[in-house]
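Data block below; observations after.
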Amino acid sequence: MGLPALEFSDCYLDSPQFRERLKSHELELDKTNKFIKELIKDGKALIQALKNLSMAKRKFAESLNEFKFQCIGDAETDDEICIAKSLQEFAGVLQNLEDERTRMIENASDVLIMPLERFRKEQISAAKEAKKKYDKETEKYCAVLEKHLSLSAKKKEAHLHEADNQVDHVRQHFYEVSLEYVFKVQEVQERKMFEFVEPLLAFLQGLFTYYHHGYELAKDFSHFKTNLTISIQNTRNRFESTRSEVECLMRKMKENPHEHSNISPHTMEGYLFVQEKRSFVSTWVKYYCTYHREPKRVTMVLFDQKSGGKTGDEESFTLKSCIRRKTDSIEKRFCFDVEGVDRPGVITMQALSEEDRRLWMEAMDGREPVYNLNKDSQNEAMAHLDVTGFNVVKKFIYAVDTRGIEEQGLYRIVGVNSRVQKLLGLAMDPKTCADVELDNTEWEIKTITSAIKFYLRMLPGPLMTYQYQRSFIKAAKLDNPEARVAEIHSLVHRLPEKNRQMLELLMKHLANVANHHQQNLMTVANLGVVFGPTLLRPQEETVAAIMDIKFQNIVVELLIENHEKIFRESPVSGGGGPANTNDHAVRRRSAESKVPSCSERPLTLFHTPSNTHEKAEKRASVVLNSEAHSSPPPSSNCNSATHPGSNTSSPSATPAPVWTRLHSLPTGEPDADGVLLMRQSRPNSLFNPKSRASVPTSSIPRKARALYACKAEHDSELSFIAGTIFDNVHSSREPGWLEGTLDGRTGLIPENYVEFL
């Protein structure tokens with residue numbers, strides 16, 4: 001296992017586990033610093049003392065052989081593995097040169113010593129300075145906080161308000177310093193992968209230049225050298241994109257820290273001061289407390305942030321009750337009393353602020369927690385994998401293939417945002433799509449390629465779906481290259497039909513782009529960097545997710561390189577036979593037997609408005625049929641198309657959805673079409689009433705919450721948005737439906753659109 005990722009959200013929580021993870025990074029930096037100093041010392045000895053050449057070289061080689069890279073994350077890419085074992089390769093070459101005793105060093109100081117010293121002074125020293133500042137701010141924050149919490153509640157309100165403002169200022173400064181320190185530590189850890197190895201590679205190249213025997217060894221070494229150079233360049237490219245993502249996330253954390261709060265597996269955790277009563281006196285001791293809702297278990301660990309280590313054993317008890325302390329009953333502020341089942345007496349605890357106490361009280365007394373709607377649910381579907389979408393993408397791809405396939409920086413160079421939005425808006429609008437002439441010089445190639453990427457980003461979910469995002473990442477982390485391709489092959493055929501068709505269309509095009517890399521400079525690796533984060537974007541924006549971007553890129557690279565096999569051949573099943581249509585049907589039935597989460601719901605395929613008397617039949621056909629009915633190919637226009645990879649086509653009468661205006665996308669407010677489209681992708685327990693065993697269907701009236709938005713199609717149904725609370729919910733006569741009351745009106749609710757409270 002490598003070094004754990006340091007989440008920015010942990011800086012606000014400042015837990016013991018975060019401190020331990022941070023300490024492991026600090027130890028690794030110290031280890032790297034010591035190794036670099038030793039390496040520089042050995043290099044100078046090699047240059048200055050030729051009589052000690054043999055001993056100095058062997059020591060230098062041994063140092064290289066013993067050092068091991070520690071990467072952030074639980075897996076390494078092929079490039080990182082290549083870089084990690086490069087030191088052992090270097091050591092072997094040095095030992096071989098020593099055995100032959102034909103050694104000579106020229107210009108070693110410029111190519112080896114100076115870059116390492118520069119890296120150590122500019123990067124590692126900067127990290128050490130950041131640590132000193134972080135430790136100083138930690139001590140200052142803790143001292144100010146303890147002094148603040150010791151203030152009597154009887155002080156004047158103005159005095160207390162001034163003290164609160166002072167603590168908030170110090171706390172905010174501490175958080176900012178913490179974020180900057182974590183950012184710097186991870187930056188140095190990533191930089192050393194190329195800034196440390198690259199000088200060593202240059203040093204070896206110098207040896208090969210000046211020695212005949214070194215030249216002979218260089219020919220044997222050339223293959224690894226080429227791979228290592230590519231790996232370093234790929235790692236550098238990934239670092240640049242990763243660093244910008246992490247830096248952007250850090251800025252977001254600074255600007256809106258509350259919107260990026262840490263997602264903890266515990267109900268509540270943080271620091272509390274606990275009153276400990278002794279003979280005639282009472283003291284307040286700082287603990288890091290954790291509360292689990294389900295077992296109602298409270299855990300307390302005596303911990304001193306200033307010393308950075310545990311100062312006591314872990315203590316836990318089962319919660320019995322939690323009561324807020326009034327200000328006039330105790331001198332301290334923000335207090336509440338906790339009573340345990342298996343611990344005698346009442347424990348008085350002091351939170352860090354009024355808001356902190358409110359959160360602890362809500363967690364412990366069973367109040368309803370606040371749920372944040374998923375971002376993709378808030379921003380209703382703004383682009384869809386429908387007939388119009390396929391037609392537009394095909395039209396754009398044809399324009400790129402015919403006009404700009406050899407244009408340098410294809411897909412990497414972005415177009416002007418206003419032009420991109422204008423093009424996409426015109427192309428997606430049924431009224432204007434026929435008038436868009438991409439052969440016109442008005443539309444630059446970079447505008448068209450940016451429109452393709454923008455369309456893919458505006459889908460309700462990534463093209464390769466949130467459901468399989470982690471599976472694709474795990475496949476890219478497999479050691480065996482053939483196993484990677486096989487697993488990705490299998491996962492692609494599990495995607496919803498329209499997603500797979502669009503992915504096939506895109507990969508075929510990108511393979512064509514890569515075939516012209518001599519002209520457009522866009523290799524498979526470069527295309528992976530461009531499309532990886534778009535096709536496999538994660539549901540949550542964390543440092544760990546950003547660190548996985550390199551594996552997203554690898555998935556796209558493998559799809560491009562093996563697109564013919566992956567999309568034209570069925571994957572081999574566990575029994576050795578090819579997956580057939582029955583397999584898809586089984587998967588479809590198994591998917592219907594559970595309630596999908598927001599991330600697992602398939603992308604909307606069609607928007608099919610119909611008359612009132614046809615809606616019941618339409619609802620069944622939309623849910624049960626994954627492919628359109630066979631019909632003669634419709635006329636070629638912007639509202640109809642034969643989907644790629646399929647012999648069937650959509651009904652020609654199916655109109656395209658109305659494209660949401662691009663300039664209104666950032667508002668995140670769904671229009672009527674967005675609601676209707678969400679309705680069509682609802683889980684189909686309407687046709688399988690036994691598919692949701694987890695939802696009670698007794699006749700006892702209960703309250704329930706809506707998981708998804710829904711627009712009524714009959715007078716007997718209720719319209720609602722996600723998060724709506726229904727009263728008097730009970731089973732109805734119609735299978736797959738419940739009956740409930742909303743705003744005084746009683747009607748039907750889809751059974752698996754709600755959860756009971």
Side-chain angles (χ1 to χ4, degrees), residues 5 72-81 234 238 241-242 245 376 385 453 456-457 459-511 514 524-574 579 583-584 587 591 596-603 645:
I72 297 176
D74 57 356
E76 297 177 345
T77 64
D78 291 341
D79 292 326
E80 290 171 340
I81 293 173
N234 290 341
R238 289 167 184 157
S241 90
T242 301
E245 293 284 343
D376 288 314
L385 290 177
K453 293 186 292 182
L456 295 172
R457 285 195 296 269
L459 292 171
L463 188 61
M464 299 171 75
T465 74
Y466 291 130
Q467 179 181 0
Y468 295 112
Q469 194 261 355
R470 293 303 309 164
S471 300
F472 278 110
I473 297 296
K474 289 179 181 178
K477 293 180 179 179
L478 294 176
D479 294 333
N480 189 333
E482 295 181 359
R484 295 179 196 170
V485 176
E487 182 64 18
I488 291 174
H489 189 180
S490 175
L491 289 170
V492 166
H493 283 264
R494 297 181 203 169
L495 294 173
E497 184 68 18
K498 299 303 174 185
N499 296 59
R500 184 171 59 81
Q501 291 176 359
M502 180 62 77
L503 187 63
E504 178 182 4
L505 179 66
L506 182 63
M507 290 304 113
K508 182 179 179 182
H509 167 61
L510 294 183
V524 172
N526 291 339
L527 291 172
V529 171
V530 172
F531 282 91
T534 298
L535 300 181
L536 279 167
R537 69 176 184 267
Q539 206 164 3
E540 296 173 0
E541 190 176 12
T542 63
V543 173
I546 294 174
M547 291 302 172
D548 278 340
I549 287 178
K550 53 193 174 186
F551 295 105
Q552 298 172 7
N553 302 345
I554 291 174
V555 172
V556 175
E557 292 174 22
L558 293 175
L559 286 172
I560 296 174
E561 292 172 343
N562 303 275
H563 73 283
E564 292 188 359
K565 174 184 177 182
I566 290 176
F567 293 101
R568 294 186 182 181
E569 300 177 11
S570 298
V572 178
S573 61
D583 293 329
H584 293 287
R587 277 203 301 272
S597 66
C598 293
S599 63
E600 294 172 337
R601 301 175 72 189
L603 297 174

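Model, not experiment: these values are computed from the prediction.
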Exercise. Rounded to the nearest 0.5 Å, what separation is found between the CG atom of L527 and the CD atom of E561?
Worked result: 10.5 Å

Exercise. Considering all heavy atoms of both residues, which atom of F551 and which atom of A476 are nearest to each other, and what is their separation?
Worked result: O-CB, 3.7 Å

Exercise. Counting only heavy atoms not in K453, do more than 12 fall under 6.0 Å of its NZ?
Worked result: yes

Exercise. For L478, does its backbone N or O pair with a side-chain atom of R484 as donor and acceptor, under 3.5 Å?
Worked result: yes

Problem set entry | Interatomic spacing from CG in L510 to CG in L505 - rounded to 0.5 Å | 9.5 Å

Exercise. Would one find more than 12 heavy atoms of other residues, nucleotides or ligands at under 6.0 Å from atom NZ of K508?
Worked result: no

Exercise. Would a 4.5 Å heavy-atom cut-off, applied to side chains only, mark V492 and E504 as touching?
Worked result: no

Exercise. Mind checking whether L495 and T465 have side chains closer than 4.5 Å, heavy atoms only?
Worked result: yes

Problem set entry | Shortest non-hydrogen contact from F472 toward V555 | O-CG2, 3.4 Å

Exercise. So with a 6.0 Å cut-off around CG of N480, is the heavy-atom count from everything else above 12?
Worked result: yes

Exercise. Where is the tightest heavy-atom contact between M507 and I560, given as atom of each residue plus distance?
Worked result: SD-CG1, 3.8 Å

Seminar exercise, completed: Distance col, row K550:NZ vs D78:CG, nearest 0.5 angstrom, shows 11.5 Å

For this session: Using modelled atom types only, decide if a donor and an acceptor are shared between the side chain of E487 and the backbone of A475 within a distance under 3.5 Å.
Result: no

Problem set entry | Which residues share a side chain to side chain donor-acceptor pair (under 3.5 Å) with N234, sequence neighbours left out | D79

Problem set entry | Residues in side chain to side chain donor-acceptor pair (under 3.5 Å) contact with H563, at least two apart in sequence or another chain | none

For this session: Answer yes or no: is there a donor N or O on one side and an acceptor on the other, between the side chain of H489 and the main chain of E569, under 3.5 Å?
Result: yes

For this session: Check I566 against H493 and note the closest heavy-atom contact, atom names and distance.
Result: O-NE2, 2.7 Å

Problem set entry | Validation row: Q469, D548 side chains within 4.5 angstrom (heavy atoms) | no

Exercise. Side-chain contact, heavy-atom cut-off 4.5 Å: F531 with L456?
Worked result: yes

Seminar exercise, completed: dist L459:CG -> T534:OG1 (nearest 0.5 Å) comes out at 10.5 Å

Exercise. Just how far is it from atom CD1 of I473 to atom CG of L536, taken to the nearest 0.5 Å?
Worked result: 5.5 Å

Problem set entry | N/O donor-acceptor pair under 3.5 Å between N499 side chain and L463 backbone | yes

Exercise. Considering only heavy atoms from C-beta outward, does the side chain of M464 approach that of L503 to under 4.5 Å?
Worked result: yes

Problem set entry | Non-hydrogen side-chain atoms of R494 and P571 separated by less than 4.5 Å | no

Exercise. Is there a side-chain contact between N553 and P533, using heavy atoms and a 4.5 Å cut-off?
Worked result: yes

